[in-house]
Every structure is written in structure tokens, then in C-alpha cells.
Trainee: 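Got a structure for you, questions after.
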Protein chains: 2
Amino acid sequence: MKTKDPAKDTSYKSKKVISIGIVRELTGLSERQIRYYEERKLVFPERSKGGTRKYSFDDIESLMDIANKIEDGVQTYEIRQEMKKEKQQDYRSIRNKMLRGQLNARFGVQKGI
Amino acid sequence: MKTKDPAKDTSYKSKKVISIGIVRELTGLSERQIRYYEERKLVFPERSKGGTRKYSFDDIESLMDIANKIEDGVQTYEIRQEMKKEKQQDYRSIRNKMLRGQLNARFGVQKGI
DNA sequence: CGTGTAAGGAATTCTGACACG
DNA sequence: CGTGTAAGGAATTCTGACACG
């Protein structure tokens with residue numbers, strides 16, 4: 001059994017528990033940059049009650065990818081578009097899986113279709 | 001290939017990146033308790049340059065175990081003793097593995113011995 | 001557009017101590 | 001022994017703005 005939905009997971013990688021200072025150390029980015037990428041909707045940290053940002057390890061990986069792209073001259077807007085496309089991909093993939101599940105439920109299991 | 005040495009690992013579980021406030025939320029313990037268990041040498045957070053404590057997910061799991069034992073009336077000193085024994089176990093286990101490795105290197109691979 | 005920085009304030013964390021039991 | 005708490009200070013983080021390009 002695989003637990004691989006690219007959504008919520010009890011896993012450590014996706015838990016938002018890391019403060020911005022640590023993210024700065026781990027990514028090498030400045031806090032200014034990290035906050036700016038949030039402003040441009042490229043990362044989505046959670047917030048503590050007091051308002052401090054909390055990131056996950058996934059966020060950190062994501063930030064490093066973003067930083068690389070920006071170094072390559074890609075603009076935040078374009079990166080955002082790429083992300084949207086990936087999300088659509090994910091949805092299609094999930095939709096297909098569910099559909100296949102439905103079919104299996106009604107017509108029984110068939111290997112490879 | 002398994003990367004399972006109970007020591008340092010590039011894994012997320014063992015990275016010390018979580019501040020005490022988050023640990024409090026995740027474990028349900030008070031900061032007082034968390035710091036006290038450190039004083040009793042049951043957990044070993046790292047420190048930022050400024051001196052703030054940084055915990056790993058492993059630490060959090062460990063803290064929950066500790067909390068359970070204390071609820072059961074086990075004293076911190078006893079818990080510490082248990083931990084020492086476990087560590088000895090680990091060392092023995094590693095020593096054996098290395099020894100086996102040595103033997104294989106010299107006398108070739110034999111299944112099951 | 002992406003990033004640095006100084007500014008002022010608020011949230012978070014730290015230590016050592018007193019208290020209770 | 002294990003934990004709560006008030007105290008004072010230090011480290012961390014936040015936002016909005018000005019600057020450069």
C-alpha cells in the first residue's frame with residue numbers, strides 16, 4: 001500500500017514546523033527572498049497564532065528549485081505558471097486513478113486494461 | 001541498499017530544525033517539561049547561534065515516549081538508564097555488522113553462515 | 001523585477017529562582 | 001522529583017517603506 005497522494009500526508013516532509021531563520025540557513029536564501037517568493041505565491045507557509053511563518057521540508061526543497069530557476073533568469077510569474085500546470089497534471093492523474101478505481105469496483109480487476 | 005544507521009542521516013527525521021514552541025504543540029508537553037527532560041539528559045536539542053533550541057522529529061517522538069513513561073511513574077533517572085542500555089545494544093549491533101563485513105571481505109560471501 | 005536595508009514593534013525563547021510536595 | 005510561574009532580558013520574526021535598477 002502506497003501513501004503517495006501529493007496532498008496532505010502524516011509524513012514529516014510536509015509538516016509545517018520550520019521557522020524562517022532555519023529555512024534561510026538550509027536554503028542559503030535571504031529572508032527577504034523567502035518572503036518575496038511567498039508574496040508571488042510560489043510558497044505557502046502556515047502561520048503560528050502570533051503570525052510567524054512555518055515551513056515544511058517540502059517547502060525548502062521547493063524554494064531551492066525556485067532559486068535555481070530565478071538564477072536562470074526565469075521570472076516569478078513564469079514559475080507560477082509552471083506550477084499551475086503541474087497542479088493540473090496532478091489533478092488529471094488523480095482523476096484517472098479514481099476513475100480506474102471505480103471501474104475496477106464495478107467490473108472487477110483486469111490487469112493492464 | 002538500506003541507509004539505516006541509527007546515527008547521522010541526511011534524512012528529515014533527524015534534522016534539528018524545530019523550535020520549542022512547535023515541539024510544545026506537537027507533543028502536548030509544556031516548555032518547562034521539555035527543557036527539564038533536557039536537563040535530565042533525555043533529549044539533546046541543538047542550539048542556534050543565539051541560543052534557541054532546535055529539535056528533530058526524532059526528538060519529538062522520543063519526547064512522547066518519555067512523557068508516557070513518566071506518566072507511568074518511571075523516574076527520569078531510570079529512563080536515562082534504559083537509554084544507555086539501548087545505546088549499548090546499538091553499539092553491539094554495529095560492531096557485529098562491521099565484523100561480519102570484515103569476514104565477508106576476506107573470506108567471501110556465504111549465505112547465513 | 002527582485003532584493004537590500006533601516007525602523008519600530010510584536011512574538012518567541014532563554015535563564016535562574018521561588019514554590020509545592 | 002517533576003512542574004508551574006512571574007521576571008527581565010535577549011533573539012527572532014513581522015510589516016511597510018524607501019532604494020536601486
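Quick caveat, the model's predicted, so the values are computed rather than measured. Residue numbers start from 1 in every chain, and the chains themselves are labelled A, B, ... in the order their sequence lines are given, proteins ahead of strands.
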Trainee: Check this for me: A:Phe44, atom CZ, are more than 12 non-hydrogen atoms of other residues, nucleotides or ligands nearer than 6.0 Å?
Mentor: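 Result for CZ/A:Phe44: enclosed.
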Trainee: Quick one: closest heavy-atom pair of A:Leu42 and A:Ile66, and the distance?
Mentor: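 Where A:Leu42 meets A:Ile66 most closely, the heavy atoms are CB-CD1, 3.7 Å.
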Trainee: Taking the minimum atom-to-atom distance to the side chain of B:Arg47, which one of C:dT12, C:dT13, C:dT15 wins?
Mentor: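 Selected nucleotide: C:dT15.
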Trainee: Please give, in whole Å, the distance from D:dT3 C1' to B:Glu39 CD?
Mentor: 11 Å
Trainee: Could you state the CD1-P distance from B:Ile34 to D:dG4, rounded to the nearest angstrom?
Mentor: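 One finds 10 Å between P of D:dG4 and CD1 of B:Ile34, rounded.
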Trainee: Round to the nearest Å and state the distance from B:Arg35 atom CZ to D:dG4 atom C1'.
Mentor: 12 Å
Trainee: Checking salt bridge (charged side-chain N to carboxylate O under 4.0 Å, His left out) between A:Arg53 and each of A:Glu39, A:Glu46, A:Glu31, A:Glu38, which is the one that passes?
Mentor: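 Among A:Glu39, A:Glu46, A:Glu31, A:Glu38, the one that satisfies the salt bridge (charged side-chain N to carboxylate O under 4.0 Å, His left out) with A:Arg53 is A:Glu38.
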Trainee: To the side chain of A:Ile70, which of C:dG2, D:dT13, C:dT15 is closest?
Mentor: C:dG2
Trainee: Between the protein and nucleotides 17-20 of chain C, list the N/O to N/O atom pairs that are separated by less than 3.5 angstrom.
Mentor:
none

Trainee: Starting at the 5' end of DNA chain D and moving along, which residue's nearest nucleotide shows up first, B:Arg40 or B:Gly51?
Mentor: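 Result: B:Arg40.
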Trainee: Is there a side-chain polar atom (N or O) of B:Tyr36 under 4.0 Å from OP1 or OP2 of D:dT3?
Mentor: no
Trainee: When A:Arg80 is tested against each of A:Glu82, A:Glu78, A:Lys84 for side-chain contact (heavy atoms from CB on, under 4.5 Å), which residue passes?
Mentor: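 Single side-chain contact (heavy atoms from CB on, under 4.5 Å) partner of A:Arg80 among A:Glu82, A:Glu78, A:Lys84: A:Lys84.
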Trainee: Between A:Ile22, A:Thr27, A:Leu29, which is the residue that forms a side-chain contact (heavy atoms from CB on, under 4.5 Å) with A:Ile60?
Mentor: A:Thr27
Trainee: In whole angstrom, what separates A:Ile22's CD1 from C:dT12's P?
Mentor: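 Taking CD1 of A:Ile22 and P of C:dT12, I get 16 Å after rounding.
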Trainee: Could you go through the ring-ring contact (aromatic ring centres under 6.0 Å, His included) check for A:Phe57 and B:Tyr12 one step at a time?
Mentor: CA-CA 7 Å; A:Phe57 282 110; B:Tyr12 305 108; 4.5 Å; yes
Trainee: Under 3.5 Å, which N/O atoms of the protein pair with N/O atoms of nucleotides 6-10 of chain D?
Mentor:
none

Trainee: Using a 3.5 Å distance criterion without hydrogens, assess whether the side chain of A:Ser48 forms a donor-acceptor pair with backbone atoms of A:Gly51.
Mentor: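 It does hold such a pair.
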Trainee: Distance check: side-chain N/O of B:Arg53 vs OP1/OP2 of C:dT13, anything under 4.0 Å?
Mentor: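 Indeed not, no polar side-chain atom of B:Arg53 lies that close.
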Trainee: What's the CD1-C1' distance between A:Ile79 and C:dG2, to the nearest Å?
Mentor: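 Roughly 11 Å, once rounded to whole Å.
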Trainee: How far apart are the closest heavy atoms of A:Ile34 and A:Val43, and which atoms are they?
Mentor: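 Scanning both residues, the minimum pair turns out to be O-CG2, 4.3 Å.
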Trainee: Of all the nucleotides listed (D:dT13, C:dC14, D:dG4), which has the minimum atom distance to the side chain of B:Gln33?
Mentor: D:dG4
Trainee: Can you tell me the base-pairing partner of C:dC18? Count Watson-Crick or G-U wobble geometry only, both distances below 3.5 Å, and say none if there is no partner.
Mentor: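 Paired with D:dG4.
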Trainee: Can you tell me how far P of D:dT3 sits from CD of B:Glu38, to the nearest Å?
Mentor: 15 Å
Trainee: For A:Ser48 and A:Tyr77, take the nucleotide of DNA chain C holding the closest heavy atom to each; which residue's nucleotide lies nearer the 5' end?
Mentor: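 First, find each residue's nearest nucleotide; the 5'-ward one identifies A:Tyr77.
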Trainee: Could you tell me the separation between the CZ atom of A:Arg24 and the P atom of C:dT3, rounded to a whole number of Å?
Mentor: 16 Å
Trainee: Consider the side chain of A:Ser19, meaning its heavy atoms from C-beta on, and name the nucleotide among C:dG2, C:dT15, D:dT13 that approaches it most closely.
Mentor: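 Closest nucleotide among those given: D:dT13.
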Trainee: Provide, to the nearest angstrom, the distance between the CD1 atom belonging to A:Ile20 and the P atom belonging to D:dT13.
Mentor: 7 Å
Trainee: For B:Asn96 and B:Ser93, does a side-chain donor sit closer than 3.5 Å to a side-chain acceptor?
Mentor: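 No - no donor-acceptor pair under 3.5 Å links their side chains.
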Trainee: Want to settle it: does B:Thr52 or B:Ser30 sit nearer the 5' end of DNA chain D, counting the closest nucleotide to each?
Mentor: B:Ser30
Trainee: Spell out, as yes or no, whether a donor-acceptor pair under 3.5 Å connects the side chain of A:Asp72 to the backbone of A:Lys69.
Mentor: no
Trainee: Give the nucleotide from the list D:dT13, C:dT3, D:dG2 with an atom nearest to the side chain of B:Gln75.
Mentor: D:dG2
